[in-house]
Each structure stands twice: as C-alpha cells, then as structure tokens.
There are 2 protein chains.
Amino acid sequence: MKVNGRHYRTIWPKQANPKIIEIIDQRYLPHKFVVEELASLDDFAAAIKDMHVRGAGLIGATAGYAMYCAILHAPQKNFKEYLDETVCKILDTRPTAKNLSWAVQRQLTAINSISDPELRIQKAFETANLIADEDVDFCRRIGEHGLHIIRDLSTLKDGEPVNILTHCNAGWLAFVDHGSATAPIYAAHRENIPIHVWVDETRPWNQGSKLTAWELYQENINHTLIADNTGGHLMQHGMVDLVIVGSDRTTRTGDVANKIGTYLKALAAKDNNIPFYVALPSSTIDWELRDGLREIPIESRSGDEVKFISGLGDNNELTRILCGLSETPAANYAFDVTPARLVSGIITERGIAAANEESLLQLFPEYV
Amino acid sequence: MKVNGRHYRTIWPKQANPKIIEIIDQRYLPHKFVVEELASLDDFAAAIKDMHVRGAGLIGATAGYAMYCAILHAPQKNFKEYLDETVCKILDTRPTAKNLSWAVQRQLTAINSISDPELRIQKAFETANLIADEDVDFCRRIGEHGLHIIRDLSTLKDGEPVNILTHCNAGWLAFVDHGSATAPIYAAHRENIPIHVWVDETRPWNQGSKLTAWELYQENINHTLIADNTGGHLMQHGMVDLVIVGSDRTTRTGDVANKIGTYLKALAAKDNNIPFYVALPSSTIDWELRDGLREIPIESRSGDEVKFISGLGDNNELTRILCGLSETPAANYAFDVTPARLVSGIITERGIAAANEESLLQLFPEYV
C-alpha cells in the first residue's frame, strides 16, 4: 500500500544489503514513520514481542525472516542445539498468533534436509521471501472474495455507503500488504463502491486509532473513529451493515481468536442480525484445535499498556501519560475467542467458508 | 465517602457562605483533588455540560442547586420569563440524564405557589438540600438491597471473592454519596464479604480508570482495571460472578440507558448466564417512556473526547495527548440503551424489581 504516495510493504530485505531486514516500526505511527533495521535474532525477538511489528500475517513473515537471520549467523558447531534454542526464542515472543509457529515450522521443513551451510542460508532466505510474497498474494485474494459481500450489500443499499465496522488493525500493517479485514475494503474502494468504515480505537494498544485510521486516511477511504464501546449502539440503530475483522488463530471448527473485544462485537452483530465476517489467510488456521475457548492460549501482557497511553503532546513530541492512579492494578488480556456460532463466514484466500469444520475442509481438503 | 480519611459529599453549600455551592471538580481526578465554587447559573451550566460533575444523581443534585442559584439571583421583574430561560439553560446541558429534568421539575413544583422572593429563595434552598439528602438516602438503601445479591453469591463461592464487573462510574462521585452500582459493593465490603471489582476503564472519558478505580482505592477494596474490551473474555472464563451498572435514564418497561458500552456487557453477561443488575434511584426512571431504544435521547459529544486523552505526564503535570491523526474524524455517542430482556433486575431504593413494567409498578404504585 502507499505511504505518502510511495509503495511500501511492512517488511523487506534491505536493498543495499539483504542480510539486514527492514520493517516499519509501528510503535511510532501515525505520528512518525520510522524504518528499523533488524540484524540479529535479538532484534527480531524484540520487534515481535514489543510490537514494533504486530498482526497475524506480519508476525508470521517476521518469524520467517527471523529464522533466516538465525541461520545466517549460525555457529559452525552444534547447529541442531542452536536451531532448537532459536525456535524456542521465536515462539516465546507471542503465544496466541498461529502464524508465528506456522512460519517457523515452514522454515524448519524447508531446511531440514540441507546440510551445507551456504545452501541452507540461501534456502532460508528464499523461504522467508516466499512466506512474505504468499502473504501478499493470499491477502489480495481475500480482497477479491470479500469484495462480493460488499458489492451485494451496496446493491441492497442503492448507492448509499456500505457501513463497515472493523476492530483492531487487520490492515496491510498487520500483514505484508493489503491486510485481511481491510483487503475487501480496499478492493471495494478501488471499484468505486461507496463505503464508510467505523474504526474501533481498540484499547489498550489503540491499533484502530493509530494504525487503521492512518491506513484509511492514506488510501482516502471515508472513516470515523469510535471508542470500542460504541459498536453496539451503532448496530442497534442501523448504522452498521457489515462487520469484518481479522484473526490471530482460528480452529478447524471456526472458533476465532482475535484482538480482545472482538467477541463483544460479534454478540452485538448477532443480536442485530448484522453479518459478521472474519478474514484470514489459511496460515492463521490451527488445524490441530477444535475448541477455541479451551485450547487457544490467550496472551496476557503488562497492565501498564492499559494505564499508560502514548500520543502527541502539545509540544508536538511523542509523550506518554498515566491515565489513572499509579497504584491501580491492571490486567491486559490481548485476545478473546469468538465462538463459531457467532461468525457469518470466514473469508480465506480460497473463498468464503461457513464457520464450521465441514465447510473449511471443503476449501482445504488437504487437512481432512 | 472518604477522601484521604476525611468525609466528603460531591456537592454541598459552602459552610461560610451557603449562597455559594461547592463541588469536587472531577476533571482533575485522580491526579488532583480540586474543589470548585459555583456562584452563578453560568457556573452551574458549565459544570454540568463540561463534566466538572457527572453521573445520574449528581447531575440531578447539581440541577437542584442550579435552580436555587438562579432563583437567588432572580431579577425583580419578569420572573416567569427568567425562570423559563433558566429551565431551558439547565435542561440544555445534558440530554440523556433523566435526573436533570426530574430535579428541575421538582424545584418548579416546590416554588410554584410562592410569590414572595425571600420565601421562594428559602424554599428553593431547602428543596435543593432535600434532593441531595434524598439521593444519599436512596443510594444507601440501594446498597442494603443489593447487598443481598452479593451475600448470596458469596455463600455459593464458599468464601472465595465475588468478582463484580462495573462499567463507567456509578460510584459516590456519580451521586451525592454512596453511589448506585457501588453502593452494594461498599455495603458488602463493610460486612467483610470478600469481593473483587473489575473496573472497565470506560472510554472515551475514562470514568473507570480515573474515578471508579480511585474510589475503590480510597475505600481499600480489591479491584483491577481493564480495557472495556475485556469483560466478555473474563465472563467466558468464569472470572465474573456479577455485573452491576448504573443508569442515566430507565423506561417504565425496564430499558436502561447507561454509559456507552453497557449494552455490550449485558449481551456478554446473557451469553454466559451471569446476572446483570442495574442500580438506580427512582429519580432516574422516566415513567413517560416505554421504548428505550426509540425514545431515550442519546447525547452526542465532541469527537475530540475520543482523540485527546489527558493524564499525568512524565513531568508529573496534567498533560493532554492526541492519540491518532488530527485529521481523523471521530464520533462520540455518550450512552447506549440496554433492552430490558438483558437485565436480571433493577435495584432501587425500595427493593429489587424485575426489568418490566409490572414489577417496577409493584414497587412504585404511584405511577400506575
């Protein structure tokens, strides 16, 4: 997508030296556009854990490049032990995102039979690039499939804007390009279908106000920022036609882990007969799991992320404030699980499935 | 309740000069404890509109004193026109809160037959004090009735803490004392029933992180601050035993307008079979209304309240930050309506009613 008119991905090998990987450091958006260089496994681990990068697909792509970086700098001896440690270190960064382990596993499979260090490095680099390119391609296809839903709603609305609510950022910043939840939105906008997006600010990390609103502004798409509390009221009053969100891990039965608060929006959509879609590349599906509520691990982050909020101060400098008492204890669960019964459909790179095992397996028969 | 060990109400006539009314200016809490003097109708209107005071009961009590202040400074001529203008000015401040018009109407009735200016002033002062005293008394009784619910849950939990989730601030700061939703919590704490309160931060104005957490800290009650997005996840995992919220206007049929986001918590409570109670003095009930969704006016406030957040900066000064782009459009609906079907019960000063007309009228037969 474009930033001030120039095309960017969220992660890429540095042109002058592909041993270094560059990312957009999302902690400073929308106030500053910062590109960060990642050159060591520690750099990668910190970038994922401390959310310089975040979002299902981008976590996966970053993990792919992290594996490449580790293999690039592997010691000559004890490669297996080193690789085990590397994998543990990467997997430890974020527990909920399926794409993380998916990308790591993919790298392990790719290099498994290669013993020559140089060839192994080359293969890991190719695989990391492939993961990133596939992510772009899958998101583009998600856009094409989801476009039909928006087009149909637009026909029903007779040219009035289709009001789409989204939670968190499942935009291109959460992937390598296009995004998952936003891909159909961008596709509809390119087709000149009138749309308007309600952007949940998405506390506590404010991915909505900081990232999604910035993306939509860059792409010139009509949108309105709202507190996360607002969606139910809008739905009760006919001001939402469609909800699209992303996912960080989805079970083979269609239970969806996504940013904390997604479940509340799904309940409100159900209560008001509003379609609730989840857009995700299949790399997000955990084919091992059947019961999202019991089996998907939910990351618990520091309560300080609830109490401290950063933004632009009056002096135009990035400033952090404490909102409340320093003595107040805070809890910070990063995701929740929306049961399949509340999901109208899952938009994947291969088409739209109902949120159940049978329908998902029709699209992905290799997991039967 | 107590602030640093000293007893306070939220509004009171100044001891040295009862023509001046003092309030706690809640915009600076919890970082600064500021007492503000209100001496003119403009002072009162600004205090209500700009949320120096807020919350159902306190808005009512402030409106009562505002009427007194206006009558105190009434011109000798054209009293009726002056009074009409005064009433309009007060009612214009906040559209959703029923207590506002209720208190104004009560003052109008009280002074209606009095033509002597001095007697009128005296009567208006007495009535304002009566409204405030009644609010305290009603909240205390709400605490006694609601205590039974918590006590019963505590018995079931065999001494484990009862986990209570509350949204916004329906604490003593929202009333003259005790609060509505918090009254049973304070009553339970006084009886040494083990409790723990999940405090929704309550975006965009952060009444939870700034006011409710501060109240509970002052009263030494176990609590944890959470983002508004979190409650559904907690309920799915058995970490909430009871939800208690307040109300700004309730229909005779039991539909409840309360802080935006309340409806989402009610849906989650229903989905997880968790009791969802609304605590309110009867001054909050609008006996004219039957359909909350269609008939209760919902206040729309400035979008800047979503985009700008204030708190304590690193320099320990109150600081305001912009969270997102200045160009981002934002909407700010202040309340939503929870349909009666989602409400387990309404805790009033006369006892607990089911959320329907018949049950409410059994407690308040004068409105049949």
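A note on names: the letters A, B, ... follow the listed sequences, proteins ahead of strands, and every chain is numbered from 1.
Heavy-atom pairs under 4.5 Å with chain A were tallied for B:T230, B:N222, B:L234; the largest tally goes to B:T230. Counting heavy-atom pairs closer than 4.5 Å to chain A, the top-ranked of the candidates B:V199, B:I260, B:T202, B:N206 is B:I260. Looking only at heavy-atom pairs under 4.5 Å with chain A, the residue among B:D336, B:I309, B:L267 that has the most is B:L267. For the options A:G303, A:S209, A:A213, A:G231, heavy-atom pairs under 4.5 Å to chain B are most numerous at A:S209. Of all the listed residues (B:Q236, B:K210, B:M235), the one sharing the greatest number of non-hydrogen pairs under 4.5 Å with chain A is B:Q236.
Side-chain atoms of A:E327 never come within 3.5 Å of backbone atoms of B:Y217 as a donor-acceptor pair (strictly under, hydrogens ignored).
B:Y263 has its side chain out of reach of A:H233: every pair of non-hydrogen atoms, C-beta onward, lies at least 4.5 Å apart. Between B:T319 and A:D314 the shortest side-chain heavy-atom distance does not fall below 4.5 Å. With a 4.5 Å cut-off on side-chain heavy atoms, A:I226 and B:Y333 do not count as touching. In this structure, A:K265 and B:L264 have side chains that are in contact, with non-hydrogen atoms separated by less than 4.5 Å. For the pair A:I321/B:R320, no side-chain contact is recorded, criterion being any heavy-atom separation below 4.5 Å from C-beta on.
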Does A:E201 form a side chain to side chain contact (heavy atoms under 4.5 Å, CB included) with B:V306? I'd like the steps, not just the answer. CA-CA 9 Å; A:E201 63 173 348; B:V306 180; 4.1 Å; yes
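A salt bridge links A:R341 with B:D271: the distance from a Lys NZ or Arg NE/NH1/NH2 to an Asp or Glu carboxylate oxygen falls below 4.0 Å.
What you find for B:S310 and A:C323 is that their closest heavy atoms are O-SG, 3.9 Å.
Considering CZ of B:R203 and CZ of A:R203, their distance stands at 6.0 Å, rounded to 0.5 Å.
For B:N332, no part lies near chain A; criterion is any non-hydrogen pair under 4.5 Å. For chain A, no part of B:T262 is nearby; none of its heavy atoms comes within less than 4.5 Å.
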